[in-house]
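Have a look at the structure below before the remarks.
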Amino acid sequence: MLNTEITISELAHLMQVSVHQIRYFEEKGILYPAYTADNQYRMYGIDQIYRLSHILLMRKMGLSVQAIRQWTNEGTSDRMEQLLRQSATRIEAEMARLRSLTEFIHKVLEEKASTETEASAYQRVQREVSYLSSWFTIDKETKLDARMLAQQGDTIPELFKTNIHYLYEEGGPIRLCTEARQENGDIVLPEGEYLVYRFSAKGEEDIEHHYERFESYAERHSLLLTGPRMLVEKSYLSLFSQDDIHYEWLARIDRTLQL
DNA sequence: GTTCTTACA
DNA sequence: TGTAAGCA
């Protein structure tokens, strides 16, 4: 019987891969046809089918085409074991990355949901101790612009997932901070009860206006605020609207005045 | 009609 | 990795 071998498209169909990919494997030196016919067609036999199965399995398990070629040239079973372990480690790291990414998405969604269920924009909340990392300070009269951020030297790759805090310290300039873990934070927000006022605004005037409401709310409810007043830019709530920016005014409640 | 090579996004 | 052109 003539023609026990099959053409590239038959092999591709059989193995559920593209013709292109089979030629690619050849170019990379890991799969060659049984022979080339007179018309220059690549012809593949049973050995190539098994070989391609192995290649596809190794690719699925995360081995690069280059690693497959190198192992084919000079590979031991120990080496293959090592390659597979490395691959599993890489994949587990990727799973962890994806896990934390979905957790972050859920955190954003929860934050959105919680703002929508809150009856009042004002909340008294008990907070654990938390830490901020100073970024730089800015004069009260100066407006924040792109150049100032660029000139700070440090990059903030995770600017989008951290809430920027503007600390208004008594008499001093405004201090911009990012949320930090204890070890790299230089500002401690002590545990205690805080007054939180959520609002959204488009411009500076709005923010000041809301600050006045924040202070007058505290006064009306006989709350004595202490420590810096903090403006928190809720960066991921702002994801949900085109041109509003979501903020919180935040300050620690020292004590409640007796009437 | 199918495959081959080469080039390109 | 897919797509396309020009050939055999």
I'd like to know if the side chain of [X] pairs up with that of [Y] as donor and acceptor (distance under 3.5 Å, no hydrogens or angles considered).
X       : Y       : result
R175(A) : T137(A) : no
R51(A)  : Q48(A)  : no
E233(A) : Y166(A) : yes
H210(A) : Y247(A) : no

Fill in: Residue whose closest nucleotide on DNA chain C lies nearer the 5' end, Y41(A) versus R59(A)
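Going by which nucleotide is closer to the 5' end, it is R59(A).
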Discussion item. Need the pair for dT2(B). Rule: Watson-Crick or G-U wobble, both distances under 3.5 Å, any strand; none if unpaired.
Written reply: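 dA8(C) is the nucleotide pairing with dT2(B).
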Worksheet item: Should the pair R252(A)-E191(A) be classified as a salt bridge under the 4.0 Å nitrogen-to-oxygen rule?
Response: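 No, R252(A) and E191(A) are not salt-bridged.
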When the distance from [atom1] of [X] to [atom2] of [N] is rounded to whole Å, what number comes out?
X      : N      : atom1 : atom2 : value
D38(A) : dT3(B) : CG    : P     : 16 Å
Q40(A) : dT5(B) : CD    : C1'   : 11 Å
L11(A) : dT3(B) : CG    : C1'   : 14 Å
E10(A) : dT2(B) : CD    : C1'   : 11 Å
Y24(A) : dT3(B) : OH    : P     : 22 Å
E5(A)  : dT3(B) : CD    : P     : 15 Å
M43(A) : dT2(B) : CE    : C1'   : 12 Å
N39(A) : dC4(B) : CG    : C1'   : 10 Å

Discussion item. Please identify the 5'-most and 3'-most nucleotides of DNA chain C with any atom under 4.0 angstrom from a heavy atom of chain A.
Written reply: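 Listing 5' to 3', DNA chain C meets chain A from dT1(C) to dT3(C).
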Worksheet item: Quick one: does NZ or CZ of R229(A) land under 6.0 Å from the six-membered ring centre of Y168(A), within 45 degrees of the ring axis?
Response: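 No, a cation-pi geometry is absent between R229(A) and Y168(A).
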Discussion item. With a 4.5 Å cut-off on side-chain heavy atoms, are I8(A) and Y41(A) touching?
Written reply: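 They are not in side-chain contact.
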Discussion item. Please confirm whether the shortest side-chain N or O distance from R42(A) to OP1 or OP2 of dT3(B) is below 4.0 Å.
Written reply: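 False: R42(A) side-chain N/O out of range (4.0 Å or more) of dT3(B) OP1/OP2.
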Worksheet item: Is S9(A) near enough to dT3(B) that one of its side-chain N or O atoms lies under 4.0 angstrom from OP1 or OP2?
Response: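 Checking S9(A) against dT3(B): at least one side-chain N or O falls below 4.0 Å of OP1 or OP2.
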Worksheet item: Side chain of H20(A): nearest nucleotide among dT2(B), dC4(B), dA7(B)?
Response: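 Selected nucleotide (nearest to the side chain): dA7(B).
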